[in-house]
Amino acid sequence: MKMKHFIFLLSLFFILITTFSSSNSTIVSHDERAITINGQRRILISGSIHYPRSTSDMWPDLINKAKDGGLDAIETYVFWNVHEPARRQYDFSGNLDLVRFIKTIHAAGLYSVLRIGPYVCAEWNYGGFPVWLHNMPNMKFRTVNSGFMNEMQNFTTKIVNMMKEENLFSSQGGPIILAQIENEYGNVISSYGAEGKAYIDWCANMANSLDIGVPWLMCQQPHAPAPMIETCNGFYCDQYKPSNPSSPKMWTENWTGWFKNWGGKHPYRTAEDLAYSVARFFQTGGTFQNYYMYHGGTNFGRVAGGPYITTSYDYHAPLDEFGNLNQPKWGHLKQLHTLLKSMEKPLTYGNISTIDLGNSVTATVYATNEGSSCFIGNVNATADALVNFKGKDYNVPAWSVSVLPDCDKEAYNTARVNTQTSIMTQDSREPEKLEWSWRPEFERKTILKGSGDLIAKGLVDQKDVTNDASDYLWYMTRVHLDKKDPLWSRNMTLRVHSNAHVLHAYVNGKYVGNQIVKDNKFDYGFEKKVNHLVHGTNHISLLSVSVGLQNYGAFFETGPTGINGPVKLVGYKGDETIEKDLSAHKWDYKIGLNGFNHKLFSTKSVGHQTHHLKWSTEKLPADRMLTWYKANFKAPLGKDPVIVDFNGLGKGEAWINGQSIGRYWPSFNSSDDGCTEECDYRGEYGSDKCAFMCGKPTQRWYHVPRSFLNETGHNTITLFEEMGGDPTMVNFKTVVIGTVCARAHEHNKVELSCNNRPISAVKFASFGNPSGHCGSFTVGTCEGANDAAKIIAKECVGKPNCSMNVSSHVFGSKLDCGDSPKRLFVEIEC
Ligand code: GAL
């Protein structure tokens with residue numbers, strides 16, 4: 001070989017070597033047992049954090065707390081409607097910076113799971129679909145429809161290419177180990193007939209053709225077309241068996257709590273039950289599990305779906321809405337994760353055998369030559385069990401799983417919680433008194449006299465004309481009544497058949513009333529007496545308000561929105577009822593409200609206002625509909641999360657320094673019934689079980705991300721109050737740990753933490769057989785001789801956290817507790 005050729009080949013060789021080694025590619029695949037990474041079967045614990053539901057400033061902390069909580073991966077959906085708000089116009093800025101989010105996960109050393117969808121459900125507006133998509137001709141979502149498939153492919157390809165360009169797939173050395181196409185299509189496929197099957201096959205082919213080098217998932221999709229891997233979603237997936245025997249048992253959504261609707265209660269899923277569901281899943285052969293949500297966060301702006309999903313998307317997740325540890329959930333799961341990871345080899349390679357121990361108790365042994373790991377699960381919802389396993393007695397409480405990493409010693413039981421309970425509260429600083437100014441939303445002359453942006457004959461569907469650019473659409477028409485009109489009478493009725501989530505009605509500039517959707521009755525009749533119609537021209541103005549578009553169900557995109565009619569005036573002549581149907585009239589439409597169109601919430605709009613947009617500080621109105629308010633305030637000092645109390649307000653939207661913190665509706669209370677004092681973790685969880693906050697506002701406090709605030713100098717809050725409310729009670733607070741409770745058995749450690757604030761006092765402590773719940777602990781029949789509260793105070797007060805051994809040696813031995821194990825209960829104040 002000539003020297004020249006040799007040098008050429010040598011350099012080619014080096015280029016190839018460096019390309020491959022620098023890309024540091026990881027091979028992700030699967031067999032029937034588990035996802036494999038570089039050929040090794042893995043136990044993978046993942047958690048959902050949706051990047052637009054927090055701010056980019058919050059991401060590193062959230063991701064680190066997830067890592068510290070024992071997670072291997074962070075999962076997120078990709079939210080099409082916010083990335084492509086108008087066709088082929090894209091936005092990946094601020095908290096929509098998906099690449100930055102994935103890179104932040106990578107920097108923390110975690111994997112990521114990218115659920116592209118692009119249908120996501122997720123309690124997100126319209127399930128993540130842009131409304132312009134619906135408004136394209138001959139459009140049908142999620143089925144064989146060339147327009148839809150073309151747009152779905154375009155967006156999916158765009159996302160995949162963005163990830164590829166940044167080398168973010170594991171096959172390129174990045175963190176993304178799995179991707180998802182579609183979402184729970186199996187739940188609705190039958191409604192689409194033969195086209196449903198053809199569509200899901202197309203999804204699989206399309207995804208596959210994108211060549212991402214890591215496996216694709218399809219959740220809730222039995223018999224997913226190869227090579228898609230089907231997965232389970234739900235509160236429990238222990239009973240789930242993939243229909244394809246070569247798919248591993250994977251759980252993409254373990255619902256850690258639930259979402260809230262306006263008018264709903266606070267959901268609560270206990271740490272015991274969540275841990276039970278996880279341990280049962282791994283006991284029964286599961287190898288990949290994702291928490292939905294690990295951090296739920298906030299629906300800023302108008303991203304909440306629904307209708308009626310609240311602004312808070314806390315979800316009772318292990319990290320609360322603001323990113324604080326939700327204890328004991330976070331810590332109790334962390335302990336379980338540590339053990340499951342330590343058992344990775346037996347769980348993924350071991351021979352599995354199950355032993356029925358009677359009374360719904362089963363032991364599962366994962367045996368390898370190097371060692372074995374075991375679980376003992378008691379699925380009985382009421383009876384505790386004392387079982388003998390391999391010659392040893394174990395006490396397994398009802399609805400719990402014991403984990404025995406060496407098949408001998410119980411290292412963990414899902415029902416025995418050793419982590420502290422933290423009760424969050426607001427800081428006790430005197431709130432700043434805000435000076436409000438205000439202005440009305442509309443000019444009566446223009447709106448109530450019916451001049452809009454467009455005119456149509458007949459009633460239109462709200463989303464069809466607004467593209468969902470606003471929650472608000474005015475429907476305005478005129479009706480001429482003369483003396484001889486057969487309809488004419490003093491008392492008439494306005495009758496509107498409506499699908500508007502909220503409807504406000506005006507006749508001749510006078511408010512006649514409203515109606516809001518309650519108890520999921522999205523289709524209703526509004527009827528009000530009107531006695532101020534005149535001979536001549538009458539103006540009917542109806543304001544239709546949307547509170548988030550439907551996000552779930554077959555054909556959900558076709559559901560009617562706005563006022564679909566008929567709209568009628570009804571008159572009475574003796575026994576006779578005469579109707580005038582206005583539905584086919586000429587209607588004027590105005591999209592959005594003046595204040596929004598003039599960006600009254602924007603900090604930049606100040607100073608550019610025309611005379612009629614002036615704000616006033618005189619006679620601050622309360623209970624005035626369609627009113628704008630604004631005030632300056634100082635940001636609360638420190639780093640603790642900031643919230644704003646909207647007690648006293650009705651319904652509307654709020655902005656901080658021009659950024660929307662979401663819709664608010666504190667006047668919407670949940671019903672009085674359905675809450676219980678005691679929450680029994682045992683038995684199947686459902687979204688209504690253990691709910692709390694009955695008869696209270698569904699959401700009174702709203703998250704103000706620190707990055708929306710100027711730390712020094714002034715900040716502006718702007719409110720658009722739709723229903724009428726009193727802003728004078730609005731105040732800013734921080735969220736801090738108020739009370740901490742912990743329980744620990746003798747020979748264990750008690751660990752207490754007030755986060756970064758000092759422990760200020762010990763409110764209760766007893767070593768012996770105390771009982772009760774956090775906040776109402778009581779001393780039992782026996783107690784250690786030493787003053788437990790004094791001992792703990794000496795060790796802990798003044799420090800942000802402390803830990804102590806729980807023993808008779810520390811707390812005094814003169815106890816008469818008989819054989820029962822001694823325990824310490826403690827309640828501290830931060
Ligand atoms: C699932 C869906 C998720 C979310 C969840 C409820 O069915 O896949 O996106 O909507 O329900 O929170």
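Read the numbers this way: they start at 1 and go in the same order the structure lists the ligands and their atoms.
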Item to check | Member of Tyr126, Trp124, Trp132 meeting the side chain to side chain donor-acceptor pair (under 3.5 Å) criterion with Asn81 | outcome: Trp124
Item to check | For Glu321, the option from Thr298, Asn326, Thr311 that meets side chain to side chain donor-acceptor pair (under 3.5 Å) | outcome: Thr298
At less than 4.0 angstrom from any non-hydrogen atom of [X], what atoms of ligand 1 do you find?
X	result
Phe259	6 (C), 12 (O)
Tyr77	2 (C), 3 (C), 8 (O), 9 (O)
Val120	9 (O)

Checklist outcome for this item: Under 4.0 Å between heavy atoms, the region of Gln220 that gets near ligand 1 turns out to be neither
Item to check | Contact partition for Asn183 relative to ligand 1, non-hydrogen atoms under 4.0 Å | outcome: side chain
Could you identify the single nearest non-hydrogen protein atom to [atom] and state the distance to 0.1 Å?
atom	answer
atom 12 (O) of ligand 1	Tyr315 OH, 2.5 Å
atom 10 (O) of ligand 1	Glu123 OE2, 2.6 Å
atom 7 (O) of ligand 1	Glu184 OE1, 2.4 Å
atom 2 (C) of ligand 1	Glu253 OE1, 3.4 Å

Checklist entry - Hey, does Trp258 sit under 4.0 Å from ligand 1 if you only count heavy atoms? => result yes
Checklist entry - Below 4.0 Å from any atom of ligand 1, is there a heavy atom belonging to Tyr292? => result yes
Next on the checklist: Walk me through whether Asp91 and His83 qualify under side-chain contact (heavy atoms from CB on, under 4.5 Å).
Outcome noted: CA-CA 5 Å; Asp91 185 0; His83 289 308; 5.6 Å; no
Checklist entry - Without hydrogens or angle criteria, can the side chains of Trp251 and Asn233 be said to hold a donor-acceptor pair below 3.5 Å? => result no
Checklist entry - Cut-off 3.5 Å, side chains only: do Asp673 and Ser671 have a donor facing an acceptor? => result yes
Checklist entry - Between Val188 and Phe555, is any pair of side-chain heavy atoms under 4.5 Å apart? => result no
Checklist entry - Is the distance between the ring centroids of Tyr192 and Tyr185 under 6.0 Å? => result yes
Checklist entry - Can you list the residues that meet the disulfide bond (SG atoms under 2.5 Å apart) rule with Cys219, with sequence neighbours excluded? => result none
